[in-house]
Amino acid sequence: MYGLWRPRVLGAWKVPATGPVILAVNHAHNIDGPMLMGTAPRPVHFLIKKEAFVGPLGPFLQGIGQIDVDRSGTDRTAVTRALGVLKDGGALGIFPEGTRGEGDFASLRAGLAYFAVRSGAPIVPVAVLGSTERRGRLVKALPPLKSRVDVVFGEPFQAGDASGRRTRAALDEATVRIQQHLTAHLADAKRLTGRERATGRA
């Protein structure tokens with residue numbers, strides 16, 4: 001990541017140095033996940049769609065501890081592995097929106113709330129900004145080489161209400177709480193990096 005682009009990492013010190021943590025990342029471009037993996041202060045185990053595990057990339061992703069997910073239904077194996085990462089005190093990376101979109105946290109799935117409430121791990125919001133502002137000249141699907149991409153880490157927070165409840169209502173409440181935190185962090189990150197007016201997608 002540092003060889004191809006110019007990442008600017010802000011707030012990395014906010015990520016707990018030890019213990020389970022969930023990094024919740026906006027997802028507007030395919031490089032957002034790799035960018036976080038390459039700049040995070042701790043190794044990150046991402047939940048990634050199984051379609052990405054093809055060819056030589058498959059063994060590589062598995063070798064660095066990434067978790068393949070079958071999105072056609074509830075992938076219990078992936079869920080168990082993800083909870084295992086947190087139980088072992090690791091960092092789990094999740095795209096809360098489930099798939100690449102506008103990257104504005106406008107539509108969250110319940111998966112993030114489930115992992116947070118079930119494990120009790122704090123969530124650190126992460127905003128990756130700049131990956132969709134311009135297209136590269138050599139590879140149109142990527143940001144221009146050596147362009148700046150900002151990775152902004154936010155304050156950790158708890159998704160649950162400390163009651164220990166894992167009911168559907170509790171997960172729904174946690175999802176609302178998470179969305180409020182993530183949306184506020186994204187707005188703060190845009191102000192901090194001067195990208196409030198940046199628009200457009202690759």
Intermediate values then yes/no, side chain to side chain contact (heavy atoms under 4.5 Å, CB included), Val149 and Leu129: CA-CA 6 Å; Val149 178; Leu129 305 172; over 6 Å; no
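- Residues Leu112 and Pro96 come closest through the heavy atom pair CD2-CG, 3.7 Å.
- Residues Val44 and Val152 do not share a hydrophobic cluster, defined by chaining ILVMFWY side chains whose heavy atoms lie under 4.5 Å apart.
- Proximity of a side-chain donor or acceptor of Asn26 to a complementary backbone N or O of Leu186 within less than 3.5 Å is not detected.
- Around the NZ atom of Lys14, the shell of radius 6.0 Å holds more than 12 heavy atoms that belong to other residues, nucleotides or ligands.
- Remark: the backbone N or O of Pro16 is paired with a side-chain donor or acceptor of Arg42 at under 3.5 angstrom.
- Val79 places a side-chain heavy atom less than 4.5 Å from the side chain of Phe115.
- Atom OG1 of residue Thr77 and atom CG of residue Asp70 lie 9.5 Å apart, to the nearest 0.5 angstrom.
- Using a 4.5 Å cut-off between side-chain heavy atoms of Ile, Leu, Val, Met, Phe, Trp and Tyr, with links allowed through other members, Tyr114 and Phe157 fall into the same hydrophobic cluster.
- Here the CG-CG distance, from Leu10 to Asp188, works out to 12.5 Å after rounding to the nearest 0.5 Å.
- Arg76 is not listed as a side-chain neighbour of Arg81, based on a closest heavy-atom distance of 4.5 Å or more.
- Taking each heavy atom of Pro7 and Thr39 in turn, the nearest pair found is CB-CG2, 3.9 Å.
- Closest approach of Pro125 to Ile123, counting heavy atoms only: CD-O, 3.7 Å.
- With hydrogens and angles ignored, the 3.5 Å screen pairs no side-chain donor or acceptor of Glu173 with any backbone N or O of Gly160.
- Hydrophobic clustering keeps Val126 apart from Leu192 (ILVMFWY residues linked when any side-chain heavy atoms are closer than 4.5 Å, directly or through intermediates).
- Ile22 is not listed as a side-chain neighbour of Val124, based on a closest heavy-atom distance of 4.5 Å or more.
- Taking CD1 of Ile67 as the reference point, atom NZ of Lys50 lies at 16.0 Å (rounded to 0.5 Å).
- Interatomic distance, Thr80 OG1 to Lys87 NZ, rounded to the nearest 0.5 Å: 11.0 Å.
- You'll find the side chain of Leu36 reaches within 4.5 Å of the side chain of Val151, heavy atoms only.
- Here the closest heavy-atom approach between residue Pro20 and residue Pro122 is recorded as O-CD, 3.3 Å.
- Here the closest non-hydrogen pair linking Ala113 and Ile178 is CA-CD1, 3.7 Å.
- Counting heavy atoms from C-beta outward, Phe153 and Pro41 have side chains that approach closer than 4.5 Å.
- Contact check for Glu155 versus His185: no side-chain heavy atoms found under the 4.5 Å cut-off.
- Contact annotation: the side chain of Ile94 never approaches that of Phe46 to less than 4.5 Å [non-hydrogen atoms, C-beta and beyond].
- Between Asp150 and Arg148 there is a salt bridge, with a side-chain nitrogen of the basic residue lying less than 4.0 Å from a carboxylate oxygen of the acidic one.
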